[in-house]
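Okay, structure first, notes after.
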Amino acid sequence: MGKEEKLVVEVVAAHNLMPKDGQGSSSPFVEVEFEHQKRRTSSKAKDLNPVWNERLVFSIFDHDDLPYRAIDVGVYNERGVGPGGRNFLGKVRVPAAGVPAPGEEAVPQLFTLEKRSLFSHIRGEISLKIYRTTGDGAPAAAGNNDKRVAKAKAHVPEKPQTKQAAMAVVQPPQTQKPAVPPVGPADHPAPPDVKPVVLASGSPMGHEPYPGAGVMPVGQDFALKETRPQLGGGGGGGGAHRNKASATYDLVEQMQYLYVRVVRARDLPLAGGGESHAEVKLGNYRGLTRPAGTHYWDQVFAFSKDTIQSSAVEIFVKEKDKEDFIGRLAFDLSEVPRRVPPDSTLAPQWYRMEDRKAEKVKGEVMVSVWFGTQADEAFAEAWHSKAAGVHGDGLASIKSKVYVAPKLWYLRVSVIEAQDLVPGKEGAAAMGRLPDLFARAQVGNQVLRTRSAPVTPNRGPSNPLWYEDLMFVVAEPFDDVLMVSIEDRLGPSKDEILGRVVIPVSAIERRMDEKPVASSWATLDRGQPGGPGRFGSRVHLRLSLDGGYHVLDEATAYSSDLRPTAKQLWSPHVGVLELGVLGASGLMPMKVREGKGGTTDAYCVAKYGQKWIRTRTVVDSVSPRWNEQYTWEVFDPCTVITVGVFDNCHIDKNPAQAGGGGPRDSRVGKVRIRLSTLETDRVYTHAYPLLMLHPSGVKKMGELHLAVRFSCANTANMLHAYIRPLLPKVHYVDPLMVRQVQNLRFQATNVVAARLGRAEPPLGREVVEYMLDHGSHLWSMRRSKANFFRLVSVLSGPIAIGRWVDATRSWHRPVHSFLFVALYVVFALFPELILPTACFTMAGVGLLRYRWRPRHPPHMDTRLSHADAVYADELDEEFDTFPTSRSGELVRMRYDRLRSVAGRVQTVVGDMASQGERVQALLSWRDPRATFLFMLFCLMAAAVFFFVPFRALMVAWGIYVLRPPRFRNRLPSPAMSFFRRLPSKADSLL
């Protein structure tokens, strides 16, 4: 059994501390707290630059819980007057997410001391060395430590030592500086002077990774890691089976919040009905409601418990544009009640306000204050203290939301024929010309056209016939219209409209099966002011909204929903999928903010079926914690849920960024989880690597911590789903062409992106396209290699069996070969044993492999994706736009490479065709002598098969094939030589 791990915090030194003893100096000591364990160093008398070099050792109760814990370090001045007398000199919170493991080098870190409140007078830095060990607290051997420190220094951006701790205010909006474009850690410039320690000041939120933001290990780990967080406030989930709790949030860690709801005020001493607003203040955080003349605000403020820096929360009511307050309230946090759902919402009450002298004044305010968790109904719409620096339009983009994608339908437009078409002015002027007629249909921005009508003897040019289907994607509610026009092609890019008809999509008949709907004639409008004219041209159409299909907006291989559009055709759901989005760790900084260095404003998006979810945005953190839980109904277990992480680029939005289409959220990575690979009622808690393919290669952007549980509602229905067709019935009765499916998927993605972009906050097109894998159909040499090696892996089994049979025929192991021959003779004499033995063998192999079954869900595999051995030019080709934007010389080189690859494929296809043509040539008399010999062989074989029992023939054939090598000839068999001499059509090719 291994030794117990310990966390060691080595307090090295501090310098430039604030004098607090009244005599121009201080007697500092350091107190460190980790998981309710407190340790302190000795005090250094009268020293503003103390040196301790003391190790404080802490027990680690749960190793897998480290990414979610923090180390609190406080520096104090020891006054020596009474027990516990001390002055605050500064504090630091260091996340334990990246503490070096036993055996890794420990690098000293220099942290800027932070204030405890707005009125704290703090300065100075403290140097710490933090690591894990299994021994007595001695650090790991640090060979060449100076080079390691210098390397880490070059990767971490230097932050100013003077830290501004101004209060964050929500109203009124303030002007923020534009964000610098996203950079990676390699883009951070090295400072001119290299100090012996690494500067890694923590964020005010306390979520920056250790040792520095964005510093990735040298050997990146792309593997899946199992974690054991404290789910639902109880024990770790891990991979153990857990009874489903009654609480709604049992797959996430409980996060405690102080909620303050300010509803309204009355009887305020305001002249002329002026506007007023409420201000909620807790320590260093201050939030404001919007000014209202009716004194009605009804706004909720949420303060995270780990950021509470005061023992009381204060509420001020102020007149608009005035600093002095009308009245105030104060609530002691020790007396605030705690609410646990499903308890009803806490009722607000009227409170009499006080002035500065704590005397009652005129005016009352309706307020409710309580402690709760993220399961509270007010959590989603509340103002959050950790996002206090976000102002204006950015506030709407950081809230968590649930989106419902529109229900998509296939619109089938069957253009059959047209009658009594009158040529246009330009077409009539061209005498002796046959019209080139075609039909064009348009729904929204989707435009399709038929082929040109063929000229037949029994139909005149004014009565064209097409009989062609055009397919569109439309979404409920049906606000669009269908416009069908008949046009005459006069020349290149020159068409003349002969008539058009406009039909509302909502008026089109819906069908649930493959039976065609009734067709109808529609009168064409030629756009003449005097009406349709003497002759009424018309077009014959069959229109239907096909609800029996499933509209594919994802690839079938990893689709999240396979139900038909029509709800009447849905089967009962087979289970429930629950997803707990816990957090992320080690995210790559995506932007740089002045005074904060590299940072990320991360949020998470999950898509399953029609339901999309978006977590709240955690501002300025590369180790965000969301702890949000969502639920989906599952109708097919063989589906995939997709979870992606993005960087919110709308927080720093300003008019300068609004041009060019506005900011676009940056991709961090995504994860796919197939539900059929999960055991029912088991909680899976893992850290999934977020992998992104860049032009420079594959990069690990961080880790996403998820908790997943698939609960089965009806086992019989779930097992029956495995034998149902993958797609609805209409897909097999009236299948769509492959070209149509690709085009319709592209249209469906555009429709979904347009609809979700109209929500508030909008889900950007770049997010929707990334989640739906919009560009997966484009050519990529890397994907082609990956698919080729996948095929080779599949064929490796039959190839291995063939090699084993060939090795048996070689008689290198006579005992094995003899047993195989004996087994073959038994099966040849008793063929009724073949199928039972094969089935029993496969069942036995499956039973034996149950012990080594996969214990973890699959994840993105860089080796399978062929991303770990890809060339730079292949990646540049994959990231190229369509059509290409590269130079002509580069495109020519890639085209030549593609021609060489296609030439090899062409040769293989030609060889396969030649073998098939040789089989056809056996009886085609193309080679008369070969056909005569084959017919003679067939007559002789028929006689032998008639008189000799089939079992005897099989035994004789098997013994002949498996005979020892000394009785075989190395030359090809006569039958193979005869087959290879048969003619093929290859000699007829040009």
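Shortest non-hydrogen contact noted between Phe879 and Pro695 is CE1-N, 3.7 Å. A pairwise comparison of heavy atoms in Leu470 and Ala441 identifies CD1-CB, 3.8 Å as the closest pair.
Between atom CD of residue Gln742 and atom CZ of residue Arg745 there is a gap of 6.5 Å, rounded to the nearest 0.5 Å. Arg755 CZ to Leu763 CG: the interatomic distance, rounded to the nearest 0.5 Å, is 15.0 Å. The distance from atom CG of Asp665 to atom CZ of Arg765, rounded to the nearest 0.5 Å, is 14.0 Å.
For CZ of Arg724, the number of neighbouring non-hydrogen atoms (other residues, nucleotides, ligands) closer than 6.0 Å is greater than 12. Annotation for Asp896: atom CG counts as buried by contact number, over 12 foreign heavy atoms lying within 6.0 Å. Summarising the local packing, OH of Tyr467 is surrounded by 12 or fewer heavy atoms from other residues, nucleotides or ligands at distances under 6.0 Å. Around NZ of Lys729, the count of heavy atoms belonging to other residues, nucleotides or ligands within 6.0 Å does not exceed 12. More than 12 non-hydrogen atoms from other residues, nucleotides or ligands lie less than 6.0 angstrom from CZ of Arg510.
Ser414 and Glu468 share no side-chain donor-acceptor pair at under 3.5 Å. Using modelled atom types and a 3.5 Å distance limit, the side chains of Asp436 and Ser452 yield a donor-acceptor pair. No donor-acceptor contact under 3.5 angstrom links the side chains of Thr565 and Lys407, judged on distance only.
In terms of the side-chain contact (heavy atoms from CB on, under 4.5 Å) criterion, residue partners of Arg672 (sequence neighbours excluded) are, by chain and number, Tyr558, Val640, Thr642, Lys670, Asp773, Met860. Applying the side chain to side chain donor-acceptor pair (under 3.5 Å) rule to Tyr770 yields no partners; only residues at least two apart in sequence or on another chain are considered. For Met842, there are no side-chain contact (heavy atoms from CB on, under 4.5 Å) partners at least two apart in sequence or on another chain. Ser519 is linked by a side chain to side chain donor-acceptor pair (under 3.5 Å) to His540, counting only residues two or more places apart in sequence or in another chain. Applying the side chain to side chain donor-acceptor pair (under 3.5 Å) rule to Thr884 yields the partners Asp880; only residues at least two apart in sequence or on another chain are considered. In this structure, the side-chain contact (heavy atoms from CB on, under 4.5 Å) partners of Lys494, at least two apart in sequence or on a different chain, are Glu426, Leu490. Qualifying ring-ring contact (aromatic ring centres under 6.0 Å, His included) partners for Trp779, counting only residues two or more places apart in sequence or in other chains: none. The side-chain contact (heavy atoms from CB on, under 4.5 Å) test applied to Lys785 returns Met781, Phe789, His866, Tyr871, Glu874, not counting sequence neighbours.
Within the 4.5 Å cutoff, the side chain of Gln610 has no heavy atoms near those of the Trp632 side chain. Contact of the Val708 side chain with the Leu678 side chain is registered, since non-hydrogen atoms from C-beta on lie closer than 4.5 Å. The shortest distance between side-chain heavy atoms of Val443 and Leu411 falls below 4.5 Å. Between Tyr410 and Leu545, every side-chain heavy-atom pair lies at or beyond the 4.5 Å cut-off. Side-chain contact between Gln442 and Leu448 is absent, with no heavy-atom pair separated by less than 4.5 Å. Within the 4.5 Å cutoff, side-chain heavy atoms of Arg459 are placed close to those of Glu417. Counting heavy atoms from C-beta on, the side chains of Leu543 and Val517 never come closer than 4.5 Å. Side chains of Leu772 and Lys607 form a contact here, defined as non-hydrogen atoms less than 4.5 Å apart.
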Give every donor-acceptor pair under 3.5 Å between a side-chain atom in residues 898-911 and any protein atom, sequence neighbours left out.
unit_1: Ser900; atom_1: OG; unit_2: Arg897; atom_2: O; d: 2.6
unit_1: Thr907; atom_1: OG1; unit_2: Gly903; atom_2: O; d: 2.9

Between side-chain atoms of residues 476-487 and protein atoms elsewhere (two or more places apart, or another chain), which donor-acceptor pairs fall under 3.5 Å?
unit_1: Glu476; atom_1: OE2; unit_2: Trp409; atom_2: NE1; d: 2.9
unit_1: Ser485; atom_1: OG; unit_2: Glu487; atom_2: OE2; d: 3.0
unit_1: Glu487; atom_1: OE1; unit_2: Arg440; atom_2: NE; d: 3.4
unit_1: Glu487; atom_1: OE1; unit_2: Arg440; atom_2: NH2; d: 3.1
unit_1: Glu487; atom_1: OE2; unit_2: Arg440; atom_2: NE; d: 2.9

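The side-chain contact (heavy atoms from CB on, under 4.5 Å) test with Tyr608 singles out one residue from Ile673, Ile641, Leu579, Ile613, and that residue is Ile641.
The ring-ring contact (aromatic ring centres under 6.0 Å, His included) pairs that include a residue from residues 726-752 are Tyr549-His731, Phe746-His774, where partners are two or more places apart or lie in different chains. Sorted pairs that involve residues 889-923 and meet ring-ring contact (aromatic ring centres under 6.0 Å, His included), not counting sequence neighbours, are lacking altogether.
A side-chain donor-acceptor contact under 3.5 Å links Asp636 to the backbone of Cys638. For the pair Gln446 (side chain) and Val473 (backbone), a donor-acceptor distance under 3.5 Å is present.
No salt bridge links Asp420 with Arg538; every basic N to acidic carboxylate O contact stays at or beyond 4.0 Å. In this structure, Glu877 does not pair ionically with Arg886, as no charged nitrogen and carboxylate oxygen lie closer than 4.0 Å. The residues Asp525 and Arg500 are annotated as not salt-bridged, no charged nitrogen and carboxylate oxygen being separated by less than 4.0 angstrom. Residues Arg894 and Asp876 are paired through a salt bridge, judged by an N-O separation under 4.0 Å between the basic side chain and the carboxylate. Checked for salt-bridge contact, Asp861 and Arg863 miss the test: no charged N lies under 4.0 Å from a carboxylate O. Between Glu766 and Arg667, no side-chain nitrogen of the basic residue sits less than 4.0 Å from a carboxylate oxygen of the acidic one, so the salt-bridge criterion is not met.
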* Asked: Could you walk me through whether Glu769 and Thr749 pass the side-chain hydrogen bond (donor to acceptor under 3.5 Å, both in side chains) check?
  -> CA-CA 7 Å; Glu769 292 182 351; Thr749 303; over 6 Å; no
* To do: Begin with the C-alpha distance, continue with both residues' side-chain angles, and end with the deciding distance and a verdict on salt bridge (charged side-chain N to carboxylate O under 4.0 Å, His left out) for Arg511 and Asp546.
  => CA-CA 5 Å; Arg511 67 168 185 168; Asp546 294 348; 2.6 Å; yes
